Amino acid sequence: MASLLSIPPSNPNPNPNPNKSKLFTKTSSSFSSAKIPSWISLNPSIASNPSQNGLLENLHLLSLSNQGRFHEARDFLQFMDSSNIPIKSRFFKPLLQACGFWNSIDTGRLLHNHIIKTNGRRNPDGFLGNCLIRMYMDCSCFDDARKVLDKMPDKSLNSWGIMVSNYANFGLFQEAIDIVSEMRLAGFVPDCVVFASLLQACSSPSELEICKQVHSYVIRAGFVPDASIDYELIRVYAECGCLESSVLLFDRMPARDAASCTNLMVGYTRAGKQVEALAVFERMMREGVELDQFVFSIALKACSCLEDRKAGTQIHAFIVKLGLDSDVSSGPPIVDFYAKFGDMVRARLAFDKILQPNDVAWSAIISAYCQFSMFEDCLKMFGHSRKRDMAMNPSIYTNLFQVSASLADTNSGTQLHADAIKRGLVSMLYGESALVTMYSRLGDLEYARRAFELIAKPDTVSWTALITGCAYHGQALEALRLFKKMISCGVKPNAITFIGILTAYSHSGLVLEATECLDTMNSVYGVKPTNDHYNSMIDVYCRAGQLEKAFSLIKSGLFEPDALSWKIMLGGCATHGNADLGKIAGENFLMMEPNDSAGYVLMFNMYASAEKWAEAALVRKTMNERGIRKEVSCSWIRVEGKLHRFIVGDRHHSMTEQIYSKLDELESSVRQCRQVHTRDERSNSVHEERGEQLLDHSERLAIAFGLISMPGNHPILIFKNLRVCGDCHWFTKAVSSITRREIVVRDSSRFHHFKDGNCSCNDYW
DNA sequence: ATAGGGTTAG
């Protein structure tokens with residue numbers, strides 16, 4: 001199998017505490033994992049050759065712990081004990097931090113015993129005591145932490161402070177405040193740091209009350225103004241939606257700094273008040289406050305949201321002047337800013353300027369490429385970052401799942417999925433829902449269902465993804481069943497959910513059900529139908545051949561018909577040969593979208609099938625005059641991971657001879673078949689009467705190649721950029737019956753599962 | 001201390 005990824009070893013213990021990652025990575029210790037030589041813990045010979053001073057053994061122990069390999073760490077510690085190699089005192093802190101990070105309470109207790117032992121059976125001193133308290137708190141062992149505190153001979157303000165901030169971080173504010181009272185009784189005076197840490201834990205509106213209490217306390221106790229407290233208060237009030245309070249505090253600060261400015265601006269942008277955010281930025285510029293990369297990054301983001309190209313370019317220029325465009329903090333927003341305007345060249349230039357791109361920077365450029373359907377570039381960028389062994393994050397994978405789905409690349413899709421699982425980088429809900437969509441768009445509805453089943457608490461998006469998947473595959477009843485189940489699970493449908501449902505009905509010809517759905521979506525579920533829903537309904541009528549109904553819906557005044565409404569109408573008229581309505585629809589559509597080739601093609605086919613040759617010729621002439629080219633029909637298939645692409649009449653493939661002779665063979669069997677069967681109305685096509693070659697339509701080439709190169713019983717999966725034509729649809733049905741082979745075709749609007757002469761679309765396409 | 005990226009549709 002062609003491998004996109006060479007997968008480096010993954011971490012066997014994928015459950016670190018996400019809340020503590022900062023604490024862990026920003027450790028001030030000189031023994032952080034980054035500083036441990038890579039060959040440590042890859043070197044099994046340590047066990048047989050104890051080093052002189054025990055340093056290697058200590059490093060190895062720490063390396064294992066930092067990686068979360070605590071089984072091995074404890075075994076190794078046993079070996080160290082039996083070899084009389086003590087843990088060096090300066091290693092206890094980083095070791096305990098690792099235990100806290102990975103929630104390894106067993107190893108933590110073991111280390112605690114070692115500390116007591118090496119300390120001559122006495123309780124640890126203040127420094128190590130604090131480390132122990134932190135470790136126990138990190139592992140949620142509050143009583144153990146308290147015992148250490150109580151036994152500490154030389155408690156400090158900091159010891160109490162650790163208890164306070166950790167309780168608060170767990171949301172246990174009452175316990176945190178109790179500790180504050182206790183420490184005062186014990187004769188300690190809590191300082192700004194303690195209160196700032198309490199505030200630091202507040203972030204949601206439910207914690208606003210606590211924030212206010214602390215605020216009023218620090219005022220009464222005379223702690224403010226204090227930069228660290230002001231800063232936290234501005235942040236909390238902004239995050240809780242009390243922007244006025246944030247502004248008041250900000251205005252009253254003796255000296256406004258970059259950090260508090262950032263907090264205020266973030267508050268504004270989150271509340272959708274980009275203009276106000278930029279006003280703060282301007283004011284800081286005027287006041288001459290020294291700004292940093294964070295302020296610029298949020299300011300540029302505000303410009304992106306406002307789609308204010310001029311202001312954004314000015315800020316970009318400022319960033320360049322200060323030399324901050326190579327910074328990882330201000331870099332990604334620059335990438336994102338230019339991507340917003342579709343300027344991928346500048347976006348890429350901005351990315352290349354970043355000296356040490358991190359996961360967010362890679363994510364920014366990959367998602368930008370994804371947004372503009374530059375899927376190959378996404379995979380290329382991902383390949384680069386893999387090669388450099390860059391840090392990944394869940395959102396990168398979420399994007400890549402979309403890429404694989406769009407490229408119809410099962411190979412990369414499944415590999416990326418496996419890769420993301422190994423690294424623990426399947427994003428909750430976001431990534432999980434993207435996987436549902438990916439598998440359904442790769443043609444594997446069963447896998448999509450399984451991916452859905454794995455979601456712990458599916459939300460509206462997850463349900464919608466699966467419902468839409470069923471719609472694509474023509475399983476209307478299943479889509480409806482899922483919808484009911486979604487409702488009974490208490491998950492609310494949204495506008496997109498109803499598009500999925502309407503699509504399902506449309507692809508199954510359930511007109512009555514669809515009209516009912518359009519009614520109840522507002523009356524029962526409170527979701528107002530938009531143009532998209534009315535257009536879906538037009539599609540329902542059109543597919544079912546009820547063109548008059550579609551037309552009266554357009555004229556009903558219930559909504560303002562847009563280009564899409566007319567395009568769908570035109571498509572219906574072309575399929576069902578109604579040139580009168582089609583003329584109106586076509587003219588309206590071409591007026592709105594004169595450069596869309598599909599409109600001309602539909603009109604041409606419509607007139608041709610109605611044998612209105614003069615009109616048809618006129619359409620072709622107009623098309624030529626306007627320089628509009630028909631989109632080339634293209635089909636592709638993957639065999640053993642390799643992509644094979646075909647266009648009409650393609651003779652480039654190395655197996656062209658075999659393909660065409662296979663086609664001839666199929667064609668003659670199909671012809672015999674056709675004489676026996678009743679003639680399919682829709683396939684009496686225009687093509688035949690115009691004497692066009694049908695034998696070499698791209699999907700037929702792909703199917704023939706698939707049959708040749710993939711012996712066995714697996715279904716043949718074909719992807720196509722346009723819709724299948726009636727003739728090819730009939731042909732494929734026949735082939736599936738003759739060869740007893742299942743054939744799955746994804747065209748531009750849905751999936752067709754051909755089996756034993758039938759198609760899952762029931763000839764609705 | 002502070003930010004930056006992501007899910008469902010025709």
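Sequence lines set the chain letters: A, B, ... in the order given, protein chains first and strands last, and positions in each chain run from 1. Being a predicted model, the structure only gives us computed values, none of them experimental.
Side-chain rings of A:Phe281 and A:Phe318 stay apart, their centers remaining 6.0 Å or farther from each other. Taking the six-membered ring for Trp and the full ring otherwise, the centers of A:Phe498 and A:Phe483 sit less than 6.0 Å from each other. You'll find the ring centres of A:Tyr397 and A:Phe382 inside the 6.0 Å limit.
When heavy atoms are screened at a 4.0 angstrom cut-off, A:Asp336 is found touching the sugar-phosphate backbone but no base atom. Within 4.0 Å (heavy atoms only), A:Asp257 reaches at least one base atom of the nucleic acid. Within 4.0 Å (heavy atoms only), A:Val328 reaches at least one base atom of the nucleic acid. Among the protein residues, A:Tyr472 comes within range of the sugar-phosphate backbone only, with heavy atoms under 4.0 Å from sugar or phosphate atoms but none that close to a base. In this structure, A:Ile298 reaches the sugar-phosphate backbone alone: every heavy-atom distance under 4.0 Å involves primed, P, OP1 or OP2 atoms, never a base. A:Asn263 comes within 4.0 angstrom of the backbone, heavy atoms only, and of no base. Using a 4.0 Å heavy-atom cutoff across all strands shown, A:Gln402 reaches sugar-phosphate atoms only and no base atom.
Distance A:Ile499 CD1 to B:dA9 C1': 5 Å, rounded to the nearest Å. One can place CE of A:Met265 at 11 Å from C1' of B:dT2, the figure rounded to the nearest angstrom. The distance between atom CE of A:Met537 and atom C1' of B:dA9, rounded to the nearest whole Å, is 17 Å. The distance between atom CE of A:Met253 and atom C1' of B:dT2, rounded to the nearest whole Å, is 12 Å. Distance, A:Met486 CE to B:dT8 C1': 10 Å, rounded to whole Å. Nucleotide B:dT7 holds its C1' atom 18 Å from the OH atom of A:Tyr397, rounded to whole Å. Taking atom CD1 on A:Ile455 and atom P on B:dT8, their separation rounds to 12 Å, with Å as the unit. To the nearest angstrom, P of B:dA9 lies 19 Å from CG of A:Asn531.
Open room surrounds OH on A:Tyr447; 12 or fewer heavy atoms of other groups in view lie less than 6.0 Å from it. Within a 6.0 Å radius of CZ in A:Arg252, other residues, nucleotides and ligands contribute 12 heavy atoms or fewer.
Between A:Gln200 and B:dA1 there is no side-chain N or O to OP1 or OP2 distance below 4.0 Å.
The A:Thr468 side chain lies nearest to B:dA9 when the options are B:dT7, B:dT2, B:dA9. Looking at the side chain of A:Phe294, the nearest of the listed nucleotides B:dG4, B:dA3, B:dT8 is B:dA3. Picking from B:dT2, B:dT7, B:dG4 the nucleotide with the shortest atom distance to the side chain of A:Asp292 gives B:dT2. Among the nucleotides B:dT8, B:dA1, B:dT7, the one closest to any side-chain atom of A:Thr464 is B:dT8. When each of B:dG4, B:dA9, B:dA3 is scored by its nearest atom to the side-chain atoms of A:Lys301, the top-ranked nucleotide is B:dG4. Checking B:dG4, B:dT2, B:dT8 against every side-chain atom of A:Ser297, the shortest atom distance belongs to B:dG4. Of the candidate nucleotides B:dT8, B:dT2, B:dT7, B:dT8 has the atom lying nearest to any side-chain atom of A:Ala465.
Rounded to the nearest 0.5 angstrom, A:Lys567 NZ and A:Glu593 CD are separated by 7.5 Å. Here the CD1 atom belonging to A:Ile365 is positioned 11.5 Å from the CG atom belonging to A:Asn399, to the nearest 0.5 angstrom.
A donor N or O paired with an acceptor N or O is not found under 3.5 Å between the base of B:dA9 and the side-chain atoms of A:Thr503.
Defined by atom type and a distance below 3.5 Å, a donor-acceptor pair is missing between the side-chain atoms of A:Ser260 and A:Asn263.
Looking at DNA chain B, no stem turns up: there is no run of 3 or more consecutive Watson-Crick or G-U wobble pairs with key distances under 3.5 Å.
For A:Tyr338, the side chain to side chain donor-acceptor pair (under 3.5 Å) partners two or more places apart in sequence, or in a different chain, are A:His316.
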